[in-house]
Asks: 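Let me give you the structure first, and then I'll get to my questions.
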There are 2 protein chains.
Amino acid sequence: MSKRESNVDRVYEALRRMAADFAFKPDQRINESALSEVLGASRTPLREALNRLVAEGFLTFQSNRGFFCRPLTPSYILDLYEARVAVECEALRLSCQRASEAEITALSAYLERMEPEYESATELEELLAMDESFHARLAQLSGNNELQRILRNLNGRIRYIRLIDLKRMREEADGRAPGDISAHRRVLEALVKRDADTAVEALRNHIEKRREQATEAVRIAFSQLYVPED
Amino acid sequence: MSKRESNVDRVYEALRRMAADFAFKPDQRINESALSEVLGASRTPLREALNRLVAEGFLTFQSNRGFFCRPLTPSYILDLYEARVAVECEALRLSCQRASEAEITALSAYLERMEPEYESATELEELLAMDESFHARLAQLSGNNELQRILRNLNGRIRYIRLIDLKRMREEADGRAPGDISAHRRVLEALVKRDADTAVEALRNHIEKRREQATEAVRIAFSQLYVPED
DNA sequence: GCGTTCAAAATTGTATACAGTTTGGAATTC
DNA sequence: GAATTCCAAACTGTATACAATTTTGAACGC
C-alpha cells in the first residue's frame, strides 16, 4: 500500500498556488535553496515540481539561471481570456448536445443555491471560487477531459487577474448584487433549451466583457503601483 | 556566455519525440535507469524532463511506481480532436479579424507552393509535417500565443493518430491526390474574404471529417493488431 | 493447477556533494 | 563618476549513494 499523493505532488500543489497568486513577482528569479527550505523538501523534488510548472506555463526556465515567475503583460492577459473563450465556448457547444437532463437540472439547482451566497459573500476568494466553479461545471458537462484540463490550466494562470477584476467590480457596485450571475443564468437558459448558438454567444459575450473589465482593472492597479502615495 | 539549450531541454525534446511516436507503448512503465543510459544523462535530469511531460499529458505518474506512457483510447482521441476544433476555430476567428493582408498572401503562397510537393510526397512523415505546418501557420495569424501553445501540445499527442489516418488515406486514394488540401484551400478562401463564420465552419468540418476518418483508421489498425496473420 | 508467503532483486525517491556557471561588488582605470 | 576587470560568494546542474517501496519468482500448502 502506498500513499496516493507523492511528495513531489505536494510540493507541486504548494508551488502552483504560490505561482497562481503571484507569491513570486513577475519575472522574479526563484532561489531553489531558500524555497526548498520553506517547503521542507530538498532541491531534487523541488526542481521536479518546478519543471512541471514550467511545462504548464506558470514559470519559465533559463539554462544555468534557473526558474523565473511568468511575466504579467496586457497581451498575456488578452491571450488567456481569448483561450478561455475558445475552450469554454466549444465545451458549451458539446454540452448542449450531450449533457443529460439530470445534469442540466443539477447545474440549475447549483446556480440557484449559490445566488444568495453570491450576493452575501464577504471574501473575494469566495466569490472567485463560486465563479470558477460554475464555469468548471459547465465545461464538465461536455464530457471532454482535454478541454477541462486546458481550462483548469488557464484558470490557474488567470486567477490573480480575476481577483483584481472582482475586487474592482465589488468596489464599483458597492453593496448591490454583482451583475455577473445574470450572465450565468442567460447561458444556462439557452443550455436548457439546447440552443447551442445562443448559449455560446451569451458565454462569449460574458467572458469578453470580463476580459475588458479585467484589463481595465489591471491597468488601474498597475498605475496605482507606481504612485503609491494617495 | 551560456549554451542556450540546457541538457534537460535536450533530454526533454528526445523524450517528447519518443512519447509522441509511442516509442513507449500505451500504459507501459518507463524504466528510468535504462532510459537514462540510452539518453546519456543521469536520472536527475531525466526525471526533470519526465515531469515536464507528465504536466503536458504525454506521460502519467504514479507515486512510488514511476512514469507510464499515456493510454490510447477512443475517447482520448475524440477529446483531442474536439480540443483541436476549439483551439483552431477560435484562432481562425481571430485571424480573420487580425491577420494582415501580407500574412494572408504569404499563407496562400505557401499553400500553392506546397501543393505539388503534397501530391508527390513519398514519406508519410513529410505529408504530416506539411499538414501540421498549414494548421500551425493558420493559428499563428491569430497572434495568440496561448492558443498556439495549446495547439502545439495537442498536435504532439495526436501526431501518431494522424499518421495512422494519413497512412490509410493514402492507401485508399492510391496514387490520386490526397483530398485534404482542398479543405485547406476552402478555409483560406474564406479567410481572404475575412468571412469568419464561413472559414470557421470549413475548418470545423475539415477537422471533424479527419476525426471520423482517424477514429476508423485506428479501429482497423487495432483490429489488425489482434489478428496478426493475414 | 492455483493461490499465498516471503525474501531477494529491481526500482523509485531524495538528500547531498561537488563541478560549473552566474552574480555582485570591490578595486582599478580612464 | 562611469566603465572595466577580476575575484569571491552564491547559485545552478547533475552524478551518486542510500533508504524506502514495489516487483519478481521460487517455495510451499491446498
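Both backbone and side-chain heavy atoms feed into the values below; hydrogens, waters and symmetry mates do not. Just so we're on the same page: letters track the sequence lines, and every chain starts at 1.
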Asks: Specify the separation, in whole Å, of atom CG of A:Leu46 and atom C1' of C:dG13.
Replies: 15 Å
Asks: When you measure from the side chain of B:Arg47, which nucleotide among D:dT21, C:dT14, C:dT11 comes out closest?
Replies: C:dT14
Asks: Can you tell me which nucleotide in C:dT12, D:dG13, D:dT14 comes closest to the side chain of A:Glu32?
Replies: D:dG13
Asks: Could you check how far CD of B:Glu48 sits from P of C:dG13, rounded to whole Å?
Replies: 14 Å
Asks: Taking everything shown except B:Tyr160 itself, do over 12 heavy atoms lie less than 6.0 Å from its OH?
Replies: no
Asks: Are OP1 or OP2 of D:dC11 and a side-chain N or O of A:Asn64 less than 4.0 angstrom apart?
Replies: no
Asks: Is B:Arg29 atom CZ crowded by more than 12 heavy atoms from other residues, nucleotides or ligands, each under 6.0 Å away?
Replies: yes
Asks: Is it true that B:Arg98 and A:Glu82 make a salt bridge, defined as a side-chain N closer than 4.0 Å to a carboxylate O?
Replies: yes
Asks: State whether the number of non-hydrogen atoms from other residues, nucleotides or ligands found under 6.0 Å of A:Glu37 atom CD is greater than 12.
Replies: no
Asks: Consider only side-chain N and O atoms of A:Gln213 and A:Asp165, and report whether a donor and an acceptor are under 3.5 Å apart.
Replies: no
Asks: To the nearest Å, how far apart are B:Phe67 CZ and D:dT22 C1'?
Replies: 16 Å
Asks: Applying a 4.0 Å non-hydrogen cut-off, can you work out what A:Phe61 is touching in the nucleic acid: base, sugar-phosphate, or nothing?
Replies: sugar-phosphate
Asks: Just by distance, no angles: are the side chains of A:Asn153 and A:Arg157 close enough, under 3.5 Å, to form a donor-acceptor pair?
Replies: yes
Asks: Describe the nucleic acid contact of A:Leu35 in one word from base, sugar-phosphate, nothing, applying a heavy-atom distance below 4.0 Å.
Replies: nothing
Asks: Under 4.0 Å, counting only non-hydrogen atoms across every strand here, what does B:Leu50 touch: a base, just sugar-phosphate, or nothing?
Replies: nothing
Asks: Please give, in whole Å, the distance from C:dG13 C1' to A:Arg10 CZ?
Replies: 13 Å
Asks: Write down the distance between CZ (A:Arg29) and C1' (D:dC11), rounded to a whole number of angstrom.
Replies: 6 Å
Asks: Output the rounded distance in Å from CG (B:Asn7) to P (C:dA19).
Replies: 18 Å
Asks: Check this one for me: any side-chain N or O of A:Asn31 less than 4.0 Å away from OP1 or OP2 of D:dC11?
Replies: yes
Asks: Between the protein and nucleotides 16-19 of chain D, list the N/O to N/O atom pairs that are separated by less than 3.5 angstrom.
Replies:
unit_1, atom_1, unit_2, atom_2, d
D:dT16, O4, B:Thr44, OG1, 3.3

Asks: Is it true that atom CD of B:Glu13 has more than 12 heavy atoms of other residues, nucleotides or ligands lying nearer than 6.0 Å?
Replies: yes
Asks: Please report the distance, rounded to the nearest Å, between CG in B:Asp9 and C1' in D:dT12.
Replies: 14 Å
